[in-house]
Student: 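The structure's right below; bear with me while I get my questions together.
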Number of protein chains: 2
Amino acid sequence: MSVTLKDVAQAARVSVSTASRALTGTGLTSERTQQRLVRIARELGYRPNPIARGLKTGQSRLVALLVHNLTNASFQVMAEVVQARLKALGYQMLLCIGGDDPQAESDTLTTLVDHRIDGLIVVPTGKNGAQLETLSKDVPIVCLVRRDDATDLETVLADDPQGAYLGTRHLIELGHKRIGLIVGRQDTTSGRERLSGYVRALREAGIARDDALIHAGHYVPETGATCARKLLDLRRPPSAIFVANHEATLGVLRVTAERNIAIPGDLSLLCYEDMPWFEWHRPAISIVDNGARDLANLAVDRLLHRMDAKGNSKGNGSDGVREYRVGARLIQRDSCRRIDATAPARSAKSKPSSSKSSAAKSAKV
Amino acid sequence: MSVTLKDVAQAARVSVSTASRALTGTGLTSERTQQRLVRIARELGYRPNPIARGLKTGQSRLVALLVHNLTNASFQVMAEVVQARLKALGYQMLLCIGGDDPQAESDTLTTLVDHRIDGLIVVPTGKNGAQLETLSKDVPIVCLVRRDDATDLETVLADDPQGAYLGTRHLIELGHKRIGLIVGRQDTTSGRERLSGYVRALREAGIARDDALIHAGHYVPETGATCARKLLDLRRPPSAIFVANHEATLGVLRVTAERNIAIPGDLSLLCYEDMPWFEWHRPAISIVDNGARDLANLAVDRLLHRMDAKGNSKGNGSDGVREYRVGARLIQRDSCRRIDATAPARSAKSKPSSSKSSAAKSAKV
DNA sequence: GCCATTTATGCAAACGATTGCATAGAGCTT
DNA sequence: AAGCTCTATGCAATCGTTTGCATAAATGGC
């Protein structure tokens, strides 16, 4: 069907091996035949067959990205970044969707390795550590966004403690003392880490932690709605809510709309992770950007490094670092407002906050 | 490294060919050796090498999906659907992102064919018709969402004329007579078709078309905002706006928020295509669902059909149909309201509408 | 100008599967 | 029991590359 190396060799009246060497650039070929072959190959429209090549070399020029879904905005940009980077290097991306399901993840991993992928970037479910560990002997693997504690695979993570800290501190600096937190389940790393950042910021500002203000749940809109209701129903509701996940934000927004709570007038809202419509929303929603682009780029860097190392068989490409943290940053839009320490908003009974009046200190930062 | 067919054959003390036949099920093998080999293969953890198999059979068990981006919600669900369907059939999906760029599309197509993909579902840019046409001789191709007029490839399309008609009629039935339309560029099929559905619904209801109410532009938020402003600045602004694209909806919502226009109190809003947050938004946004799921499923069906036909070499799998239309449907939520024909909303000078008073007729439908 | 060295080429064996063809038995018929 | 068919197996070629090894050609040193 298509033109093969043999055809090119015949046309040039050389052997297939010479043709191969000339076109791949490897090995010894005279300048002249080299150029002649390149020309002839071009004229004939020769395109190497990656399958045949792969059979011999054990490589496929395929790199897989395994994420949980595509509805998550972070995964979308990661997929786009990874695809773009890989494509520029002549790799094709195999995008797989695992749905955060260990069984699906396991199956997919098997298939991918069958296909002799050259590398893998995976957002692990955390339940297939052993398998990942085994596979990593055959193919370079980098974990993304989540760590699989059962492995010591190289992992690129968002700096969730810092992100949550940054966001919380921002709210504190705006004068908020009662800050509601809607966070992920505490059996996930990100859930725990975001809580810890929040707690640290409070502690630094000398604000006592109030567990009534902290709610955890799955990263879905329903959680956001439920937790928001609980927070707003408090005898002394928070003046700001930090939603540590973008899906949950949907639920929070619905509740505030239902109850006619003005943002940021009655309530400041800060959100973790960006969504494309956040800046179009009125008010535009301030966020802590988890740096999805940077995460993806770094993961690709690390993967390429390992793939390279493997190719040259200089070790496994580990540079001794197991965990990379990508910094989060605050993007201020219009959903958080400075509040006057003396006039708490919407609180039924406005007895003085229990915090140690660190408002002045933090406000001037 | 991994266990090959040869290993299995040796362990079972048969030839490689027997092993192959037993495991693939093809050809003649005695019941006993067949089962024995299956057992041994399982024990040894044998997994066929798709690359080696592909070299011989010319197949790869890879099917590519080429879309413009992943930020578009429709493409997201399509990608998820295609992935899920293919996976169940033992195929891996190669997801490629072309960015609606002809050059990128062309490059990607070449690479994909090099990789001997077994099938391709593509949202064409419309600029690489010749290439697609050529490729379709080697590999089954189905176009999705957009038609490439330079080809006669089988194409699965949304029924945009019907969808736009449905949406417009819904608004008319609610009593609206001045319905603004924000639609895609008129040099795209979808832009033209959505306009035509709108026009037909008006005509049927005996409402005169008013070009001041019709605005076209790119499918981006900015367009939505600009067009919304133009519409709302009219001397007699529309009582409803039909936004024929979800990206543009962002812009419209921003403008209505800025101007403090209540939805659906002051203005009814109907949108084309769904986004995950539409139902969480307050008011929940009514939409015309373009049927992304159905589109993707049908595209997969057709592709499989063609792949099957090719495998059995019974023609090219064309069933004579070149174009499939997937019906749109209306999903009513809370952003459209019935208006009283006698009291036009927010219009400065409320002279009677120019329509031939078909309100009664359409309202009772 | 001859031998040693380098450089360029070709031959043929891989890679791991599939598959047409040949053949060795098993089972039947007569 | 001979002849026949039919089934189960093995042999070997093949898919399109890459690559180790052998060899031919070219170069250089003396």
Side-chain angles (χ1 to χ4, degrees), chain A residues 1-38 40-41 44-62 90 111 113-118 138 311 313, chain B residues 1-38 40-41 44-62 90 111 113-118 138 311 313:
Chain A
M1 180 133 335
S2 57
V3 29
T4 85
L5 192 53
K6 197 161 133 197
D7 301 327
V8 177
Q10 268 169 1
R13 308 184 159 280
V14 294
S15 72
V16 205
S17 25
T18 308
S20 170
R21 278 186 279 251
L23 294 177
T24 54
T26 73
L28 310 311
T29 331
S30 77
E31 193 78 5
R32 271 191 54 238
T33 46
Q34 153 109 2
Q35 294 186 349
R36 197 162 60 94
L37 275 161
V38 170
I40 296 185
L44 262 53
Y46 167 73
R47 315 226 76 233
N49 181 334
I51 305 219
R53 176 177 288 175
L55 180 57
K56 185 64 186 175
T57 63
Q59 313 203 317
S60 59
R61 307 241 49 144
L62 252 33
T111 320
V113 176
D114 283 352
H115 275 281
R116 302 297 189 271
I117 50 168
D118 291 346
D138 286 350
S313 56
Chain B
M1 181 136 324
S2 58
V3 30
T4 85
L5 191 53
K6 197 161 134 195
D7 300 329
V8 177
Q10 268 168 3
R13 309 186 157 277
V14 295
S15 73
V16 203
S17 27
T18 307
S20 170
R21 278 187 279 252
L23 294 178
T24 55
T26 74
L28 311 312
T29 332
S30 77
E31 194 77 5
R32 270 190 54 239
T33 46
Q34 152 109 5
Q35 294 186 348
R36 196 163 60 95
L37 275 160
V38 170
I40 295 185
L44 263 52
Y46 167 72
R47 315 226 75 232
N49 180 333
I51 304 218
R53 177 178 287 174
L55 180 58
K56 183 66 183 170
T57 62
Q59 312 203 317
S60 59
R61 307 241 54 147
L62 251 34
T111 320
V113 176
D114 283 352
H115 274 282
R116 301 298 189 273
I117 50 169
D118 291 346
D138 286 350
S313 56

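Throughout, a chain's letter reflects where its sequence line sits, starting with A, and its residues are numbered from 1. Worth saying up front: this structure is predicted, and the values here are computed from it rather than measured.
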Student: Checking side chain to side chain contact (heavy atoms under 4.5 Å, CB included) against V8(B), which of I40(B), V16(B), V14(B), V38(B) comes through?
Tutor: I40(B)
Student: What is the distance, rounded to the nearest whole Å, between atom CG of L55(B) and atom C1' of dT19(C)?
Tutor: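 Whole-Å distance recorded here is 14 Å.
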Student: Nearest whole Å is fine: how far is dA8(D) P from Q34(B) CD?
Tutor: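 After rounding, the reported distance stands at 10 Å.
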Student: For K6(A) and dT18(D), what is the distance between atoms NZ and P respectively, to the nearest whole Å?
Tutor: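 Rounded to whole Å, this separation is 15 Å.
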Student: For the side chain of T29(A) and the backbone of Q34(A), is there at least one donor-acceptor N/O pair under 3.5 Å apart?
Tutor: no
Student: Report yes or no: do R21(A) and T33(A) form a side-chain donor-acceptor pair below 3.5 Å?
Tutor: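 No, no side-chain donor-acceptor contact under 3.5 Å.
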Student: Keeping the roles fixed (side chain from R116(B), backbone from D114(B)), state whether a donor-acceptor pair exists under 3.5 Å.
Tutor: yes
Student: What protein N or O atoms touch nucleotides 10-12 of chain C N or O atoms at under 3.5 angstrom, if any, and at what distances?
Tutor:
unit_1, atom_1, unit_2, atom_2, d
dG10(C), OP2, S15(A), N, 2.7
dG10(C), OP2, S15(A), OG, 3.0
dG10(C), OP2, T18(A), OG1, 2.5
dG10(C), N7, R21(A), NH2, 2.9
dG10(C), O6, R21(A), NH2, 3.0
dC11(C), N4, S17(A), OG, 2.8

Student: Quickly work out the R61(A) CZ to dT18(D) C1' distance and round it to whole Å.
Tutor: 15 Å
Student: Is S30(A) close enough to dT7(C) that one of its side-chain N or O atoms is under 4.0 Å from OP1 or OP2 there?
Tutor: no
Student: What's the CG-C1' distance between N49(B) and dA14(C), to the nearest Å?
Tutor: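 Distance, rounded to whole Å: 14 Å.
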Student: Could you report the tightest heavy-atom contact between A12(A) and L37(A), atom names first, then the distance?
Tutor: CB-CD2, 3.5 Å
Student: Respond yes when some side-chain nitrogen or oxygen of R53(B) is under 4.0 Å from OP1 or OP2 of dT18(C), and no when none is.
Tutor: yes
Student: So, OP1 or OP2 of dT18(C): does either fall under 4.0 Å of a side-chain N or O from S20(B)?
Tutor: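 Checking S20(B) against dT18(C): at least one side-chain N or O falls below 4.0 Å of OP1 or OP2.
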Student: Side chain of T24(A), heavy atoms from C-beta onward: which of dG16(C), dT9(D), dT18(D) has the nearest atom to it?
Tutor: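 The closest nucleotide is dT18(D).
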Student: Can you check the R36(B) CZ to dA8(D) P distance for me, whole Å?
Tutor: 14 Å
Student: With heavy atoms under 4.0 Å as the rule, sort P48(A) into base, sugar-phosphate or nothing.
Tutor: sugar-phosphate
Student: I would like to know whether R61(A) and T111(B) meet side chain to side chain contact (heavy atoms under 4.5 Å, CB included); could you show each step before the answer?
Tutor: CA-CA 11 Å; R61(A) 307 241 49 144; T111(B) 320; over 6 Å; no
Student: Between H115(A) and L62(B), is there a side-chain heavy-atom distance shorter than 4.5 Å?
Tutor: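 Contact flag for L62(B)/H115(A) side chains = yes.
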Student: Quick one: D114(A) CG to dG16(C) C1', roughly how many Å, whole number?
Tutor: 13 Å
Student: Taking the nucleotide of DNA chain D with the closest heavy atom to each, which residue, K56(B) or T33(B), is nearer the 5' end?
Tutor: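 The residue closer to the strand's 5' end, by nearest nucleotide, is T33(B).
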Student: Please give, in whole Å, the distance from dA8(D) C1' to E31(B) CD?
Tutor: 13 Å
